[in-house]
Structures are given as C-alpha cells and as structure tokens.
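Shown next, in structure tokens, is the structure this report addresses.
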Amino acid sequence: MALSLGKSKRILQCLKSKICVVGLGKNSFWSGWFHHGCPSSMAPLAPTCRNPDAVLVNAATQFATRRFESTKAEKHVDSLCDAEGNQLLDFPGGKVAFTSEMRFIPESPMERAHCYRVLDDNGQPNVSNFVQVSKEVAVKMYATMLTLQVMDTIFYEAQRQGRISFYVTSIGEEAINVASAAALSIDDVIFPQYREPGVLLWRGFTLQEFANQCFGNKADYGKGRQMPIHYGSNKHNYVTVSSTVATQIPQAVGAAYSLKMDGKDACTVTYFGDGGSSTGDFHAALNFAAVMEAPVIFICRNNGWAISTPVSDQFRSDGVVVRGRGYGVRSIRVDGNDALAMYTAVCAARKMAITEHRPILIEALTYRAGHHSTSDDSSKYRPVSEIELWRMARDPVSRLRRWIESNDWWSGEAESELRSNVRKEVLDAIQVAERVEKPPIAEIFTDVYDAPPSNLCEQEKLLRETIRRYPQDYPPDVPAL
Amino acid sequence: MLGIVSRKVLGQSLGRIRPAVWALRNYSSAEKQMTVRDALNSALDEEMSADPKVFLMGEEVGEYQGAYKISKGLLEKYGPERVLDTPITEAGFTGIGVGAAYYGLKPVVEFMTFNFSMQAIDHIINSAAKSNYMSAGQISVPIVFRGPNGAAAGVGAQHSQCYAAWYGSCPGLKVLSPYSSEDARGLLKAAIRDPDPVIFLENELLYGESFPISAEVLDSSFCLPIGKAKIEREGRDVTITAFSKMVGFALKAADILAKDGISAEIINLRSIRPLDTPTINASVRKTNRLVTVEEGFPQHGVGAEICMAVVEESFGYLDAPVERIAGADVPMPYAANLERMAVPQIEDIVRAAKRACYRSTAMAATA
C-alpha cells in the first residue's frame with residue numbers, strides 16, 4: 001500500500017498540470033480520485049488508489065486523440081457530437097458518449113432499491129394512491145388467502161400421517177399468490193413453479209380437485225401421472241406444474257410471443273423463486289423477452305431461501321429487481337406480504353405488458369415461513385425464532401384481515417365461520433379423494449403420443465394378459481379395465 | 001455418382017411396387033432431380049404457407065438464409081415474425097419454442113447441429129417429450145427440432161456425434177432421419193403436421209446430394225407416414241438396415257455384394273422412433289441374416305435395439321449372428337485419415353454382410 005501511495009503522489013503531480021487541458025469537469029480532482037461507491041449507475045468510472053497507472057495511460061491517450069482530432073473535426077462534427085459538443089461514438093448498439101474519467105460502476109448501490117408497500121404492519125394504508133379494491137374483491141382475496149393457509153396446514157398433516165406421499169406449502173406467500181391472481185384476467189396464461197396454488201384457488205379450482213391430484217385418483221386431471229402439488233388445468237389457464245426449476249420462465253416468453261402474434265388482450269405470467277433466478281433459463285428468458293417485446297410478467301418470489309441456501313449464497317446483486325435493467329426489462333420491488341401493493345403492482349404491470357408489448361419484472365420480497373417441502377426440516381439450517389417472527393408478526397393473511405376489519409367488511413364471527421367451514425371442506429375432500437378409485441391400467445399408455453403407436457398397444461395387451469393370469473401379484477385397487 | 005446409383009435402384013424397387021404406373025417413369029428421361037437442401041426448403045415453405053401457426057426459429061435462419069442455407073428465402077417471404085433469428089442460447093430458444101407450442105403455435109426449432117441440442121436437452125426431454133403425458137393430454141407440444149446430425153467432414157469431436165440413439169430411447173418423442181430428397185420432403189412435412197414433438201435428424205453431407213423426384217413428391221400435399229421404413233432395394237440373402245447417409249453406403253455395398261452373388265435387401269429405416277420392427281422382422285424372416293449399419297457410437301446404439309427386436313420376434317429365423325456396424329468408440333478425430341477410420345465405410349458393410357453369409361473365415365468383426 002505504501003508503495004502505491006508513493007506512485008500515486010507522483011502521478012497526481014503529473015496530472016495536476018494537465019487538468020485544465022483534459023477537462024475533468026466540475027468535480028474537484030481530489031474528490032473524484034478518492035470517491036468510492038458512486039450511487040448512480042450512469043456515473044463515469046471512478047479512479048481509485050489501486051489503478052494510478054491506468055489513469056495516467058487514459059489521460060495520455062485522451063490528450064493524444066485530441067491533438068490529432070482537431071484537423072479532422074470539421075467533417076464529423078454533425079454525427080459524432082451531442083448537444084454540448086461532447087464527442088459520441090456511433091457504435092453498433094447505439095450512440096455512446098465518451099468520458100475521460102475512468103470510473104468503474106460499483107458492484108452495489110449506495111442504497112438498495114426501494115420496496116413498494118401500501119399497507120403497514122397494522123394493515124393501515126400509508127398512501128391513498130393505490131388501486132381501490134371493492135369490498136367484494138377484498139373479501140374474496142382474504143377468504144382465498146385464508147383457505148390456502150388452512151388447506152396447506154391440513155394437507156401437510158395428511159402427508160405426515162402417510163395419507164399422501166408429498167406436499168409443498170405456501171405459508172407466508174399467500175398474498176403473492178392471491179393478490180397477483182386477483183389483478184389478472186382469466187385469459188392470462190399462468191406458468192407456475194410449484195408454490196402458487198393460490199392462483200388456481202382464486203380462479204376456481206375446488207378443494208376436491210386439489211385433493212384428487214394429491215391422491216392421484218381417477219378424477220385427477222393429471223390421471224395420477226405426477227407427484228402431489230403438480231396441479232394443472234386447461235380451463236383455468238394454469239399450465240401443469242413441472243418439477244424442473246425455472247424451465248417455465250422461457251416457456252412463458254414463448255407463449256407470450258404467441259399471444260402477441262394473435263393480438264390477444266392477455267399476457268403470460270410466470271412465477272419463480274430467488275433460487276430459480278440463478279438459472280440459465282432465467283437469463284435467456286429475460287433477455288429474449290426484451291428483444292422479442294413479449295407481453296410477459298415475471299414474478300420472482302424472493303422468500304430468502306432456496307431449500308437451505310440463503311440469498312447471500314445465491315447471488316451478490318441487490319436481489320433480483322436490479323437485474324431487470326441488465327436486460328432492458330422494466331422492474332419493481334414490492335412488499336410481497338402486502339396484498340394491496342401486490343394487487344396494484346400487478347395491475348399496472350399487466351397494462352404495460354399488453355399495451356406496450358413489453359416484459360415486466362416484479363420482485364416480491366417475502367419469507368418462506370414453512371419448510372421447503374415435506375422432505376425438508378428447515379430448523380436444521382435457520383433459527384426457529386426467525387421462522388416464528390415471520391409466521392406470526394408478519395403474516396400476510398393477518399395484515400389483510402386488519403385492513404378489511406378496519407373497513408367493517410369483516411368480523412370475528414365471519415372469521416371463525418370461514419375457518420371452520422374451510423377446515424371441514426378440506427377434511428371432507430381428503431376423505432372423498434382417498435376413497436376414489438385409482439386411474440385404470442389403460443392410462444399408463446395414453447398421452448405418451450397424440451395417438452398410441454403399435455408398440456404401446458402391444459405392451460398394453462401384454463400387461464393385461466399378465467394381470468389376468470397372475471392377479472395375486474397385482475394391487476387389487478388398480479382397476480384392470 | 002450417388003445420384004446415378006440411386007436412380008437405378010429407385011427405378012428397380014419402384015418397378016416392383018407399382019408396375020403399371022412406374023414402369024413408364026423408369027424410362028422417362030424428363031425425371032426431375034432435387035437436392036436434399038431444396039427438398040427441405042420447399043417442405044418448410046409449403047408448410048409455412050399452408051398453416052400460419054408454423055414458424056421457424058434458430059441461429060442464423062433469417063438474415064443469413066440459414067447456416068446451411070436450408071431456410072433460404074423464407075425470411076423475405078414470411079417476415080421476421082415467422083422466421084426468428086435467435087441469440088446464442090439453445091436452452092433459451094428451445095424453452096421459448098416449447099412455450100409457444102404449449103400455447104398452440106407450431107415452432108420448427110433449428111439447431112445448428114444436434115451437438116448443440118445438448119444445451120437444450122432438458123427442455124427437449126423434460127418439457128417437450130413428457131408434457132403431454134404429465135398433463136394427461138392437456139398440453140400437447142406440436143414442435144419440430146431439426147438440424148444436421150452425425151459426422152460431417154473434418155469438424156472434430158464436438159461437432160460430429162450422432163444423437164439418433166439418445167433421442168430414440170425417449171418415450172414421448174418421435175425421431176426421424178431422412179436419406180433422400182423424397183424422404184426429406186415427406187418426413188419433414190409429416191413432422192410439422194404431427195401433434196407430438198419430433199426430432200428430425202438431417203445430415204450435412206447429404207444437403208448437396210441430388211435425388212430423382214416424382215411429381216407426386218413435388219405436390220404440396222405429399223406426406224410420408226411416420227414409423228414406416230422403406231425397402232430401398234429388395235434382396236434374398238441378407239438384410240441390411242441403415243438410416244441417413246449410411247443408406248447410400250449400404251446401397252453401394254449391395255452393388256458390390258451382387259457381383260459376388262449375394263443379394264442384399266436394403267432397408268432405409270426413415271423412422272428411428274417408432275422403429276418399423278414389423279418391416280425389419282418380415283425382411284429377416286425372408287433373408288435369415290441381418291446387418292445393422294449406423295454412424296453413431298456402438299454401445300446402446302440403434303443397431304443394438306434392432307438386434308434385440310429381431311431376437312425377440314424372429315430368433316428362430318436367424319441363420320447367423322446379427323452383425324453390427326457402427327462408428328468407432330472414440331470421440332471423432334479431426335485428421336482426415338483418422339476420421340475415415342472412425343466412420344463406417346462401404347468395405348466394412350461388405351465384409352459384415354459376407355461374414356453374415358458365412359462367406360469369410362474371420363469370426364470377429366474388424367473395422
């Protein structure tokens with residue numbers, strides 16, 4: 001360090017004499033030299049103590065260029081100068097202004113991107129310019145969020161009792177699920193990850209339909225082909241959940257492109273977590289969406305954890321919202337536990353996406369209050385006190401309830417009535433689903449292709465023949481017909 | 001050279017299938033020739049014209065007219081909305097294509113070579129191939145993935161692998177591999193019209209080859225069935241199966257064998273999945289001997305599958321062990337002499353057929 005200081009002193013003395021010629025601008029040279037961490041992303045590069053030589057070289061080149069430029073200046077002055085007479089470079093990507101200050105864009109901003117919020121912790125709006133929500137919509141949002149919470153709790157217990165093999169809860173993310181769904185139209189196509197059943201719930205998927213999928217019975221729209229929580233429904237415009245992480249992101253862009261070509265008043269909406277934002281698919285999708293001008297809304301549920309990986313191990317950027325600018329995508333950070341903020345932001349995003357044919361990135365900050373799934377015990381890698389804090393004090397469902405109660409749209413009686421009704425309905429749905437037959441043998445071979453090819457027809461015949469001959473080797477509850 | 005051979009062979013086999021009509025055509029001097037490149041281009045053009053949902057996507061397919069000029073003129077005719085030049089991300093544009101197909105468009109995704117499809121293989125297998133099944137028929141994926149497959153000339157290890165066996169093992173996919181211009185036209189049209197995801201394996205060295213083509217094939221409604229192999233040349237003594245470029249080699253080998261009194265039946269597979277096992281079995285039951293030929297790596301290859309299919313159905317009809325000719329079990333070398341040794345040559349096919357006919361003394365297969 002001592003050596004470089006000595007060097008820099010010498011260079012400073014050299015350069016001081018050149019200040020007026022090179023024209024370093026309004027800032028004093030000293031402050032520019034030691035300035036560290038410039039807030040604006042458009043600021044010129046800052047010289048630091050570590051690169052005194054580089055500064056010297058830069059200054060010299062500038063100096064040299066200027067000397068030779070003067071004779072040719074007349075010819076190029078129109079196309080290569082901005083309004084103030086500063087030189088521009090006509091680069092394949094567009095015009096770029098020069099600077100003689102070498103300043104690196106800092107890796108993190110002075111201040112993190114602000115987070116849009118409407119309701120405070122007590123459920124009181126701190127602004128008046130949010131999208132006004134009618135009593136009907138607000139109560140439906142609340143009821144759906146509460147139903148989701150109750151459903152999650154009971155299904156989780158059912159897995160623990162061995163009645164279903166697997167389950168994923170959305171505890172803590174009810175507002176993201178439901179409020180975003182409420183701001184969309186039924187024509188908007190949803191490309192979920194796996195923590196968005198609230199969107200389906202809002203759109204009218206019944207508790208029985210959820211249970212059928214989890215039990216993989218004959219009534220499951222998925223014909224018992226997938227693990228629990230892999231819901232999908234054409235009539236609700238909800239693309240079937242697929243276990244692979246983040247593959248839905250570029251798919252949403254492709255579908256959005258189709259919607260644009262069809263000229264429909266609809267967009268696609270895709271959800272993913274903080275972990276999903278690290279994938280190659282995320283990068284390609286955002287990049288493409290901007291280039292193709294596709295009407296797609298990217299909603300990142302930044303809940304702090306990707307199974308056991310905290311966000312500090314996931315990325316070093318200021319979350320996911322800042323990446324939007326890296327791709328030329330308009331973005332916003334929203335309080336994911338604030339239903340009204342989510343609703344307002346998604347409403348605005350949808351309008352921009354469809355009318356302006358552009359992608360929008362929404363980073364919803366929240367917390368994964370439950371475990372990653374029933375195969376996880378998150379107390380192994382995070383403090384139980386942290387989980388309790390978010391689950392109790394920052395519960396999005398309670399926050400919305402405080403708001404609707406303050407408007408006299410909800411009451412204690414309504415609350416207990418809804419809770420007990422939903423609980424009963426979920427338990428009934430589970431009992432019914434458990435007793436429904438499993439899908440028939442024929443469904444092993446259908447849908448591999450549009451029409452089953454001869455080899456699969458043969459295999460089905462062989463299987464039936466074998467079951468007929470040795471019924472004792474096969475489960476009795478799988479109908480052979 | 002190849003064109004002349006195949007015209008004769010084509011004439012012979014067509015003569016047997018449809019004596020009345022085609023006998024006349026055999027001697028017609030005004031028979032049209034078409035390169036595989038033009039066959040693919042015309043098929044794409046006609047399908048895009050017939051169905052506005054079909055669109056083409058890939059690197060260099062638009063302004064550059066296609067890395068191998070397969071999509072020449074399409075950007076000019078259909079515009080940038082239907083011929084999309086993509087950034088360099090196979091994973092990205094394959095995902096986007098699959099999403100577009102989910103919604104109802106019919107994308108044709110071009111890989112500059114199928115070696116690059118490995119970047120996108122998760123989307124091809126886990127999204128495209130399995131979605132119809134996993135969603136229980138709610139999401140169909142009418143997408144076509146096409147591009148050059150297998151060895152070219154001097155392009156090295158990372159540009160020469162054959163993916164027929166990899167994709168051929170995956171349920172939910174259909175895998176096609178054309179040889180002639182007729183195959184190229186008919187199979188590409190069938191692939192684009194098919195509601196399932198199709199892998200269409202072309203061959204770079206065949207693009208410039210010319211084949212005779214009839215008026216029926218030139219008609220815009222022409223289509224070949226998926227899952228049907230073609231008997232390129234009938235024979236009595238040994239069945240030789242091949243696909244893509246190896247069909248041409250097999251036909252030449254058949255000429256050489258004929259001089260030694262061995263009549264070889266050449267089957268052009270056309271379809272790797274579903275494999276036309278009935279045709280192959282019927283042929284083996286006739287000739288009692290089988291040689292499988294492919295350019296790809298031997299282990300877990302197409303030939304291994306064909307051998308097993310024949311053993312399952314027609315074991316009693318085999319008079320000799322099944323011979324398998326495949327590429328060398330090494331990453332493709334670059335030097336021309338080494339490359340020639342790493343890919344099956346006509347002599348290898350001839351020697352294998354002779355071994356199967358017990359006409360040579362060596363028991364072990366040597367390259």
Side-chain angles (χ1 to χ4, degrees), chain A residues 189 191 220-226 230 232-235 238-244 246-262 268 270 279-289 291-292 294 296 439 443-451 453-456 458, chain B residues 52-53 55 57 81-82 84-105 107 119-120 122-123 125-143 171-174 194-197 226-227 271 273-278 309:
Chain A
V189 188
F191 283 80
D220 168 25
Y221 294 150
K223 297 182 190 167
R225 304 239 176 88
Q226 293 219 70
H230 287 64
S233 172
N234 262 1
K235 65 178 190 240
Y238 190 91
V239 173
T240 308
V241 173
S242 133
S243 312
T244 45
T247 50
Q248 71 280 5
I249 315 180
Q251 289 165 5
V253 177
Y257 187 74
S258 317
L259 282 173
K260 184 171 96 155
M261 277 175 73
D262 279 351
T268 60
T270 182
T279 61
D281 273 341
F282 168 86
H283 161 78
L286 259 74
N287 190 36
F288 256 102
V291 171
M292 289 164 88
V296 51
E443 300 294 11
I444 298 178
F445 300 101
T446 52
D447 304 318
V448 181
Y449 296 100
D450 188 62
S454 58
N455 63 326
L456 287 185
E458 263 181 61
Chain B
K53 289 191 176 302
F55 73 99
M57 180 157 82
E81 294 237 303
R82 294 188 65 198
L84 275 75
D85 274 325
T86 62
I88 308 177
T89 164
E90 279 73 11
F93 65 74
T94 303
I96 286 177
V98 171
Y102 281 179
Y103 185 69
L105 289 187
Q119 296 264 327
D122 180 75
H123 272 294
I125 308 290
N126 280 328
S127 299
K130 300 179 183 171
S131 280
N132 197 43
Y133 191 73
M134 293 195 309
S135 72
Q138 293 186 89
I139 303 175
S140 87
V141 194
I143 194 170
L173 289 178
K174 289 181 177 162
D194 197 285
D196 293 312
I226 292 181
S271 181
R273 175 180 261 271
L275 205 50
D276 189 358
T277 44

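First the proteins, then the strands, lettered A, B, ... as listed; each starts at 1.
- B:N132 places a side-chain N or O within 3.5 Å of a backbone atom of A:D447 that can act as its donor or acceptor partner.
- Residues B:S127 and A:Q251 have side chains that bring a donor and an acceptor to within less than 3.5 angstrom of each other.
- Neither the backbone nor the side chain of A:D220 comes within contact range of chain B; no heavy atoms are under 4.5 Å apart.
- In terms of modelled atom types and a separation under 3.5 Å, the side chain of A:Y257 and the main chain of B:G97 share no donor-acceptor contact.
- Residues that satisfy the ring-ring contact (aromatic ring centres under 6.0 Å, His included) test with A:H283, not counting sequence neighbours, are A:Y327.
- With a 4.5 angstrom heavy-atom cutoff, A:T446 touches chain B only via backbone atoms.
- In this structure, chain B has no heavy atom under 4.5 Å from any part of A:I249.
- With a 4.5 angstrom heavy-atom cutoff, A:Q248 does not touch chain B via any of its atoms.
- Not a single donor-acceptor pair under 3.5 Å links the side chain of A:D450 to the backbone N or O of B:D196.
- A donor-acceptor contact shorter than 3.5 Å links the side chain of A:Y449 to the backbone of B:L173.
- B:D122 pairs by the side-chain hydrogen bond (donor to acceptor under 3.5 Å, both in side chains) definition with B:N126, not counting sequence neighbours.
- Residue A:I444 touches chain B through both its backbone and its side chain, counting heavy-atom pairs closer than 4.5 Å.
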